[in-house]
Amino acid sequence: MELTDKQTMDWITRWADYVDEHADELNELDGAIGDGDHGTNLNRGTHAVKKAFANEKPQTVPMVYRTAAMALLSTIGGASGALLGTAFLTMARLSKKGETKLETLLTEATESIKKRGRSDVGMKTLIDLWDPASKAFAEHNLTYEKIDSAVEKTKDMKATKGRSSYLRERSVGHIDPVAKSSSYLFIALLKELEQQNK
Ligand code: ADP
Ligand code: MG
């Protein structure tokens, strides 16, 4: 499936709005196993994305992804900024090369996060959301339930990457904050597709 530049911007903007609505909740999740700033950090990043869309008015799909990536990378510190920025840069690069299938873009974005973080599924990171969600999307059976269940599954995992890994066993019992914030990206995508089919 393909999205136009406008649809891609609508999708990412919707994600930004969800992040804004849930920033406090994301800070609380990060507070339990990290330094409590993920909501504030990501919200700064997604606000910058919206501003960049308004100022730069990207006219092509790769430019939309690139604009989002640069705004995220330049405004979010911490691991999540680098990893989310990498994901969007990968989508920019591949779409610029002519890859239009969103299924492929999301799958490759997930692989680039793994590479960048030297990490994989089961380590209680955003990958535990991106991997199952992009796979289900590629198989055309992504649902809100699947997204929620991927987020919930991170609760039982022990963190082995990033700051939360210092907690070892004590990281168990809490949702990974960036898996949660990434879930809004995929929820926003499902919403965007519903809008299109109306
Ligand atoms: P920081 O710990 O620098 O404040 P953030 O709060 O921005 O980082 O993001 C922390 C999140 O980043 C973790 O919850 C996890 O989802 C993800 N993360 C951290 N390190 C890695 C890694 N090496 N690979 C994949 N994801 C990671
Ligand atoms: Mg943090």
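Whatever order the structure lists ligands and atoms in, that order sets their numbers, starting from 1. Only heavy atoms go into these numbers, but all of them, side chains included; no hydrogens, no water, no symmetry mates. The structure presented is a predicted model; accordingly, all values stated were derived computationally and were not measured.
Between M157 and V172 there is no side-chain heavy-atom pair separated by less than 4.5 Å.
When atom types are taken as modelled, the side chain of E99 and the backbone of K97 share no donor-acceptor pair closer than 3.5 angstrom. Using modelled atom types, one side-chain atom of S165 and one backbone atom of G162 make a donor-acceptor pair closer than 3.5 Å. Of the possible polar contacts, none joining the N141 side chain to the F137 backbone as a donor-acceptor pair under 3.5 Å is found. When atom types are taken as modelled, the side chain of K124 and the backbone of S171 share a donor-acceptor pair closer than 3.5 angstrom.
With a heavy-atom cut-off of 4.0 Å, D35 touches ligand 1 through its side chain alone.
Distances between N or O atoms of N41 and those of ligand 1 include no value under 3.5 Å. Ligand 1 has an N or O atom lying under 3.5 Å from an N or O atom of G117, backbone or side chain.
With respect to the Mg ion (ligand 2), D35 has OD1 as its nearest N, O or S atom. The Mg ion (ligand 2) is closest to atom OD1 of D37 (considering only N, O or S atoms).
Here the protein heavy atom with the shortest distance to atom 11 (C) of ligand 1 is V178 CG2, 3.3 Å. The protein heavy-atom contact nearest to atom 24 (N) of ligand 1 is S119 OG, 2.6 Å. The protein heavy-atom contact nearest to atom 12 (O) of ligand 1 is A79 CB, 3.8 Å. Of the protein's non-hydrogen atoms, the one nearest atom 5 (P) of ligand 1 is S80 OG, 3.7 Å. Atom 6 (O) of ligand 1 has D30 OD2, 3.8 Å as its closest protein atom, hydrogens excluded (heavy atom only). Regarding atom 27 (C) of ligand 1, its nearest protein heavy-atom neighbour is L83 CD1, 3.3 Å. Of all protein heavy atoms, the one lying nearest to atom 14 (O) of ligand 1 is D176 OD1, 2.4 Å. Here the protein heavy atom with the shortest distance to atom 2 (O) of ligand 1 is R163 NE, 2.9 Å.
Between the side chains of E2 and T100, at least one donor N or O lies within less than 3.5 Å of an accepting N or O. For the residue pair S119 and T125, no side-chain donor N or O sits within less than 3.5 Å of a side-chain acceptor on the partner.
Within the listing of ligand 1, atoms 21 (C), 22 (C), 23 (N) sit less than 4.0 angstrom from a heavy atom of K161. Atoms of ligand 1 found under 4.0 Å from any heavy atom of G162 (numbered from 1 in listed order, with element): 19 (C), 20 (N). Atoms of ligand 1 found under 4.0 Å from any heavy atom of G78, numbered from 1 in the order shown, are 3 (O), 7 (O).
In this structure, L105 and S95 approach most closely via the heavy-atom pair CD2-N, 3.9 Å.
Among pairs with a residue in residues 173-198, those fulfilling ring-ring contact (aromatic ring centres under 6.0 Å, His included) read H22-Y184, W130-F186, at least two apart in sequence or across chains.
Of the candidates D20, N27, I76, T75, L42 forms a side chain to side chain contact (heavy atoms under 4.5 Å, CB included) with just one, namely I76.
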